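Given the structure is predicted, the values throughout are model-derived calculations rather than measurements.
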Amino acid sequence: MSIRFRLTLLYSAILGLTLIGFSTALYFTLGQVTLTELKATLKNETQRILATETLVLDTRSGLPTYVQTVDFTGTLIKRTSNLGNNRLPLSDSQRVRVLTGEHIFEPTVIDGERLLVYSLKLRGEPTIFQVARSLEGRERSLEALRRLLIIGSSAATVVAFGIGWLLAGAALRPINRITHTAHAIGVERDFGRRVDHVGPQDEIGRLVTTFNTMLTALQGAYKQEAQALQAQRRFVADASHELRTPLTTIRGNIALLQREPPISPADRTEVLSDMADESERMSRLVHDLLVLARADAGRTLRADPIRLKPLIEDICRKATVVHVERTISCESLNDVAVIGDHDALTQVLLILLDNALKFTPAAGTVTITTAVGDGQAAVSVRDTGIGIAPHVVPHIFERFYRGDSARTGTGAGLGLAIAHTLVVAQRGSISVESEVGAGSVFTVKLPLASVDAVAAMHQRADTSVLA
Ligand code: ADP
């Protein structure tokens with residue numbers, strides 16, 4: 001049974017019961033009032049007759065009041081002519097009660113007419129005086145009232161049911177719309193749908209708003225999920241493709257080495273060197289893929305306090321040793337500590353430094369600087385290299401994205417993707433500013449370590465030196 005029907009039925013039933021209660025009370029109250037009035041009329045009539053007409057009772061034919069007198073044995077003495085041959089009844093027990101001075105009212109039926117009989121003993125005489133009047137008028141009024149109440153109440157209940165049905169339908173319409181929308185979403189998987197509702201922010205209004213807000217959240221989550229899935233697919237496809245190239249080269253080279261007659265020693269040396277290069281490229285690629293796969297699998301990085309100055313100086317020193325001919329500057333560094341993972345941060349800075357050196361001519365400069373602000377420390381790797389075209393910038397952190405492949409050479413386009421993933425996993429951020437021909441600045445921001453964390457770090461360092 002629908003809520004609409006139950007609601008309508010419920011308040012129709014309440015109205016119906018209220019009307020029945022009210023009608024019953026009205027009917028019985030009116031019945032009582034008219035009976036009391038009739039009794040009073042009979043008493044007044046008696047007073048009047050006793051005062052004026054006792055001796056001329058038999059002249060009252062055709063009038064609405066019937067009067068008779070009987071003696072104390074019950075024998076009729078006189079009666080009004082409108083009674084004809086009928087007698088107003090008086091049972092023995094009633095006669096005894098009347099003789100003891102009681103006044104009694106008793107309904108009776110004479111010639112099919114219902115009457116109310118009032119009997120009393122006349123003071124100082126052994127005579128019983130009886131007056132009666134018809135109850136028909138009262139009963140007809142009560143009957144008419146009863147019919148009116150039954151028909152009126154029934155009609156009111158039916159009309160209330162109809163109006164209630166329409167009102168409940170109107171009130172519940174938005175809920176039906178929500179049901180339809182939810183059903184359609186289930187069938188079509190279209191989270192872009194919304195429930196239209198123009199009305200006040202009452203219970204229904206709030207329900208619609210909440211439902212639409214939930215849909216917006218679902219739409220976002222669904223979109224994110226779909227994008228993640230698509231990215232994952234592309235990643236697997238790209239990874240397979242990247243691995244296939246060195247494998248094909250190696251297989252071709254093996255075929256060359258197996259050739260009969262054998263190739264010249266000079267060619268052989270070149271083929272072997274090619275194979276070594278390709279194997280190294282492949283192992284670098286597999287290593288990068290592993291780092292990304294681990295990060296994707298939710299491997300949690302450490303959240304230790306790390307002093308930036310020694311870490312950057314160490315990286316600089318090593319880079320200078322490898323690239324003696326290049327200018328790498330790491331001066332005026334802030335001696336602050338950030339919260340992060342030492343190995344991951346080192347890897348990120350190595351990727352950035354490696355790119356900077358790769359995309360900067362030998363005469364150019366690569367500088368690492370630090371800055372502190374807003375509870376964060378920023379490490380910037382700045383180069384005076386070729387810069388990045390504006391249309392490329394939004395993509396450089398994507399997996400397997402390479403700028404102009406003609407100039408990038410060996411990279412698989414995973415370096416910055418790894419850097420981004422590792423920085424985000426350390427609750428930091430990475431950004432880039434670049435100008436074609438002038439150079440690029442990559443900035444990594446990480447949360448600063450609290451004073452307590454740094455103190456604890458120093459303490460650990462001291463104890464490890466002592467040990
Ligand atoms: P790869 O590992 O191939 O270097 P990355 O993800 O590190 O890939 O970089 C992606 C692309 O971003 C590069 O192919 C290059 O076009 C561009 N890029 C990265 N760093 C720099 C830089 N310092 N100067 C100019 N271009 C850069």
Side-chain angles (χ1 to χ4, degrees), residues 287-288 290-292 294-323 326-357 360 365-384 396-397 414-434 439-467:
H287 171 264
D288 285 356
L290 194 64
V291 171
L292 279 173
R294 283 203 184 125
D296 286 348
R299 187 189 64 143
T300 44
L301 296 180
R302 300 179 66 89
D304 296 329
I306 307 164
R307 278 179 65 198
L308 281 183
K309 199 171 173 195
L311 184 134
I312 298 172
E313 280 171 351
D314 193 36
I315 291 174
C316 265
R317 195 171 35 77
K318 285 178 183 159
T320 319
V321 171
V322 179
H323 306 275
R326 309 294 300 259
T327 315
I328 304 169
S329 148
C330 301
E331 279 140 32
S332 61
L333 299 168
N334 293 70
D335 191 8
V336 289
V338 291
I339 291 290
D341 184 300
H342 188 279
D343 293 348
L345 182 56
T346 308
Q347 194 173 354
V348 169
L349 295 180
L350 281 177
I351 290 169
L352 297 181
L353 190 60
D354 190 45
N355 277 347
L357 290 167
T360 306
T365 329
V366 175
T367 319
I368 304 185
T369 54
T370 55
V372 176
D374 285 343
Q376 289 185 313
V379 183
S380 300
V381 179
R382 181 185 301 268
D383 65 56
T384 56
I396 55 170
F397 294 109
L414 286 178
L416 290 180
I418 292 176
H420 182 263
T421 307
L422 292 179
V423 169
V424 170
Q426 292 173 89
R427 298 173 191 283
S429 62
I430 182 167
S431 58
V432 59
E433 276 174 46
S434 187
S440 318
V441 190
F442 283 84
T443 303
V444 173
K445 285 185 181 170
L446 286 173
L448 275 174
S450 68
V451 179
D452 292 349
V454 176
M457 178 177 67
H458 285 307
Q459 204 172 356
R460 268 203 308 278
D462 289 349
T463 45
S464 64
V465 167
L466 286 176

I'd like to know whether L448 forms a side chain to side chain contact (heavy atoms under 4.5 Å, CB included) with I339, so could you lay out the CA-CA distance, the side-chain angles of the two residues, the decisive distance to 0.1 Å, and finally the verdict.
CA-CA 6 Å; L448 275 174; I339 291 290; over 6 Å; no

Rounded to the nearest 0.5 Å, what separation is found between the [atom1] atom of [X] and the [atom2] atom of [Y]?
X: K309; Y: S332; atom1: NZ; atom2: OG; answer: 9.0 Å
X: D343; Y: L301; atom1: CG; atom2: CG; answer: 9.5 Å
X: L446; Y: I306; atom1: CG; atom2: CD1; answer: 7.0 Å
X: R307; Y: D335; atom1: CZ; atom2: CG; answer: 4.5 Å
X: I368; Y: C316; atom1: CD1; atom2: SG; answer: 4.0 Å
X: D354; Y: I315; atom1: CG; atom2: CD1; answer: 12.0 Å

Do [X] and [Y] make a side-chain contact, defined as non-hydrogen atoms from C-beta onward lying under 4.5 Å apart?
X: L352; Y: V379; value: no
X: R382; Y: V366; value: no
X: T369; Y: E331; value: no

Can you check whether [Y]'s main-chain N or O pairs, donor with acceptor, with [X]'s side chain at less than 3.5 Å?
X: Q376; Y: V372; result: no
X: T384; Y: T365; result: yes
X: R326; Y: T360; result: yes
X: D383; Y: S440; result: yes

Would you say CD of E313 has more than 12 non-hydrogen atoms from neighbouring residues, nucleotides or ligands within 6.0 angstrom?
yes

Is it the case that over 12 heavy atoms from other parts of the model lie below 6.0 angstrom from the NE2 atom of H287?
no

What is the minimum heavy-atom distance between [X] and [Y], and which atoms define it?
X: V338; Y: A377; answer: CG1-CB, 3.4 Å
X: H342; Y: T346; answer: O-OG1, 2.7 Å
X: K445; Y: A378; answer: CG-CB, 3.9 Å
X: A419; Y: I351; answer: N-CD1, 4.0 Å
X: L353; Y: A319; answer: CD2-CB, 3.6 Å

Quiz question: by atom type and distance under 3.5 Å, do the side chains of S380 and T443 form a donor-acceptor pair?
yes

Yes or no on side chain to side chain contact (heavy atoms under 4.5 Å, CB included) for V336 and T370, after CA distance, side-chain angles and deciding distance?
CA-CA 9 Å; V336 289; T370 55; 5.9 Å; no

List the steps and the verdict of side chain to side chain contact (heavy atoms under 4.5 Å, CB included) for V381 and V441.
CA-CA 6 Å; V381 179; V441 190; over 6 Å; no

Do the rings of F442 and F397 sit parallel, tilted or perpendicular, given the 30° and 60° boundaries?
perpendicular

